[in-house]
Amino acid sequence: FYGYNRDKKRGKKQIVLGLLLADNLPIAHKVWEGNTADKTTLKEAVSQLKELGIKKFIFVADRGICTEPNIEWLEEQNLEYIIATRRRKEELVKKLMIKEIKDKVKKVYEDKENGRSYYLCYNEDVSKQQKKDLEELKKKMQKKIKSIKSPTEHKILEVVGKAKRLFTFSFENGFSYSINKSAWDYENKIAGKFLLMTNNKKLSEEKILETYKQLMEIEYCFRQIKHFEDMRPIFHKSDNGIRAHVFLSVLTLLIEKLINRKISNMTTREVITEIKKIKLARSDNFLVRSDLTTLQEKILQSLNIVIPTKIL
């Protein structure tokens, strides 16, 4: 199935991969067909947790999962959650997003009717960068719009894409456009902010934010699977072949993270590169191992690997 390609490569079949971490270690995964929307994977992910015997957990997800049916389902299952809200669609979210905040996180609203609390999070450095990016985006779009000869609605919308929310276009009596002031002001007010929604009543503001940020570890794992473990491209034609390929990639990720825990002052790639320097040479009917460096001995000891015999 083709689905949505996050690498912007058309005509490539896709899979959707779900990864479950415990204590930042991958303990389970699941492969879905490429046209599976993120929001539909929730129930299967929770079911897998229960199958593993995990009864107490807080479900943490980004805004792709944040649909009312999903949230209601979590509440019906008496499960706790921390979910990032969509920043531009719901009126309540818009009102909360423009609140002034200087702290990293602050509770800004509590919906007592359904037991949901909202926490506004802010990063000053990200805010400055996003405002800078907005200015650059505006200039870039204005330049592209001016370069269009005989502009039509289709041509304009195709060029500006998602940035269309920042502009107002008119095609009556010729083409004209202007900056959408309300949209522009809103984007500047929410720069560096995101809003978390949770039904947890025990965690502090700081712990709510800290727990949500564990998502970054998941994103790091996906980056490692895509690049360091070279999960892509996949050339298998059968479903079982694809699942086996993904399994080996996740297993490699687990080994990498276990190595990182044992040897924190080196990257996994550095560890593997150093171990590969250990060679065997044939001498008559014997195999002779190369002399180990102090670093190689230390790596083997740290990984609880028995130092191989000098002569085989």
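Here the structure is a predicted model, which means the values were calculated and not measured. Atoms considered below: every heavy atom in the structure, side chains included; atoms not considered: hydrogens, waters and symmetry mates. Sequence positions, counted from 1, serve as the residue numbers for this chain.
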Would you compute the distance between atom [atom1] of [X] and atom [atom2] of [Y] and round it to the nearest 0.5 angstrom?
{"X": "Phe59", "Y": "Asn200", "atom1": "CZ", "atom2": "CG", "result": "15.0 Å"}
{"X": "Ile156", "Y": "Ile148", "atom1": "CD1", "atom2": "CD1", "result": "3.5 Å"}
{"X": "Leu17", "Y": "Ile242", "atom1": "CG", "atom2": "CD1", "result": "12.0 Å"}
{"X": "Gln129", "Y": "Glu136", "atom1": "CD", "atom2": "CD", "result": "7.5 Å"}
{"X": "Met197", "Y": "Asp111", "atom1": "CE", "atom2": "CG", "result": "9.5 Å"}
{"X": "Met266", "Y": "Thr273", "atom1": "CE", "atom2": "OG1", "result": "8.0 Å"}

- Using distance alone, with no hydrogens and no angle criterion, decide if Asn199 and Glu80 have a side-chain donor and acceptor under 3.5 Å apart. no
Tell me, please, which residues at least two apart from [X] pass side-chain hydrogen bond (donor to acceptor under 3.5 Å, both in side chains).
{"X": "Glu206", "result": "none"}
{"X": "Lys193", "result": "none"}
{"X": "Ser117", "result": "Lys201"}

Identify each donor-acceptor pair in which a side-chain atom of residues 179-186 lies under 3.5 Å from a protein atom, sequence neighbours left out, and give them as a table.
{"unit_1": "Asn180", "atom_1": "OD1", "unit_2": "Ser182", "atom_2": "N", "d": "3.3"}
{"unit_1": "Asn180", "atom_1": "OD1", "unit_2": "Ser182", "atom_2": "OG", "d": "2.9"}
{"unit_1": "Asn180", "atom_1": "OD1", "unit_2": "Ala183", "atom_2": "N", "d": "3.2"}
{"unit_1": "Lys181", "atom_1": "NZ", "unit_2": "Asp185", "atom_2": "OD2", "d": "2.8"}
{"unit_1": "Tyr186", "atom_1": "OH", "unit_2": "Arg87", "atom_2": "O", "d": "2.4"}

Does [X] belong to the same Ile/Leu/Val/Met/Phe/Trp/Tyr cluster as [Y], with side-chain heavy atoms less than 4.5 Å apart forming each link?
{"X": "Ile255", "Y": "Ile305", "result": "yes"}
{"X": "Ile190", "Y": "Leu166", "result": "no"}
{"X": "Ile278", "Y": "Val288", "result": "no"}
{"X": "Leu120", "Y": "Val126", "result": "no"}

Would the distance check show the side chain of [X] and the main-chain N or O of [Y] forming a donor-acceptor pair, the cut-off being under 3.5 Å?
{"X": "Ser283", "Y": "Phe286", "answer": "no"}
{"X": "Thr85", "Y": "Leu195", "answer": "yes"}
{"X": "Ser264", "Y": "Asn260", "answer": "no"}
{"X": "Thr309", "Y": "Ile311", "answer": "no"}
{"X": "Thr198", "Y": "Tyr81", "answer": "yes"}

- Message: Who clusters with Leu280? Use side-chain heavy atoms, under 4.5 angstrom, across I, L, V, M, F, W and Y, and order the result by chain and number.
- Response: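 Leu287, Leu312, listed by chain and number.
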- Message: Using a 4.5 Å cut-off between side-chain heavy atoms of Ile, Leu, Val, Met, Phe, Trp and Tyr, which other residues end up in the same hydrophobic cluster as Ile208?
- Response: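 Same cluster as Ile208: Ile58, Val60, Ile82, Val105, Tyr119, Phe194, Leu196, Leu203, Leu209, Tyr212, Leu215.
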- Where at least one partner belongs to residues 146-156, residue pairs that pass side chain to side chain donor-acceptor pair (under 3.5 Å), sequence neighbours excluded: none
- Item | Option from Leu254, Leu253, Val250 for which side chain to side chain contact (heavy atoms under 4.5 Å, CB included) with Cys221 holds |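 Only one of Leu254, Leu253, Val250 forms a side chain to side chain contact (heavy atoms under 4.5 Å, CB included) with Cys221, namely Leu253.
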Output every pair passing salt bridge (charged side-chain N to carboxylate O under 4.0 Å, His left out) with a member in [range], not counting sequence neighbours, ordered by first then second residue.
{"range": "residues 114-126", "answer": "Glu68-Arg116, Glu75-Arg116, Glu124-Lys128"}
{"range": "residues 287-307", "answer": "Asp291-Lys310"}
{"range": "residues 274-284", "answer": "Glu274-Lys277"}

- Query: Given Lys213 and Glu210, is the salt bridge (Lys or Arg N to Asp or Glu O under 4.0 Å) satisfied, shown in steps?
  - Reply: CA-CA 5 Å; Lys213 283 187 174 181; Glu210 180 184 330; over 6 Å; no
Counting C-beta onward and ignoring hydrogens, is there a side-chain heavy-atom pair between [X] and [Y] closer than 4.5 Å?
{"X": "Lys104", "Y": "Asn123", "answer": "no"}
{"X": "Arg261", "Y": "Leu25", "answer": "yes"}
{"X": "Lys106", "Y": "Tyr122", "answer": "no"}
{"X": "Asn114", "Y": "Glu72", "answer": "no"}
{"X": "Thr211", "Y": "Lys207", "answer": "yes"}
{"X": "Ile263", "Y": "Glu270", "answer": "no"}

- Asn70 and Leu74: side-chain contact (heavy atoms from CB on, under 4.5 Å), yes or no, with the steps? CA-CA 6 Å; Asn70 276 345; Leu74 286 169; 5.6 Å; no
Which atom pairs, one a donor and one an acceptor, fall under 3.5 Å between side chains of residues 91-102 and the rest of the protein, sequence neighbours left out?
{"unit_1": "Lys94", "atom_1": "NZ", "unit_2": "Arg88", "atom_2": "O", "d": "3.4"}

Shortest non-hydrogen separation from [X] to [Y] and the atoms involved:
{"X": "Lys257", "Y": "Pro26", "value": "CD-CD, 3.7 Å"}
{"X": "Phe167", "Y": "Lys138", "value": "CZ-O, 4.3 Å"}
{"X": "Ser127", "Y": "Ala191", "value": "OG-O, 3.2 Å"}
{"X": "Ala163", "Y": "Met141", "value": "CB-CG, 3.9 Å"}

- Do the ring planes of Phe171 and Phe175 sit parallel (below 30°), tilted (30 to 60°) or perpendicular (above 60°)? tilted
- Apply side chain to side chain contact (heavy atoms under 4.5 Å, CB included) to Phe247 and list each qualifying residue two or more places apart in sequence or on a separate chain. His29, Leu251
- Item | Test: Glu135 and Lys132 ion pair at under 4.0 Å |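 No, Glu135 and Lys132 are not salt-bridged.
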- Message: Whether Arg165 and Glu187 form a salt bridge (side-chain N of Lys/Arg under 4.0 Å from carboxylate O of Asp/Glu) is what I want to check.
- Response: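 So Glu187 pairs with Arg165 through a salt bridge.
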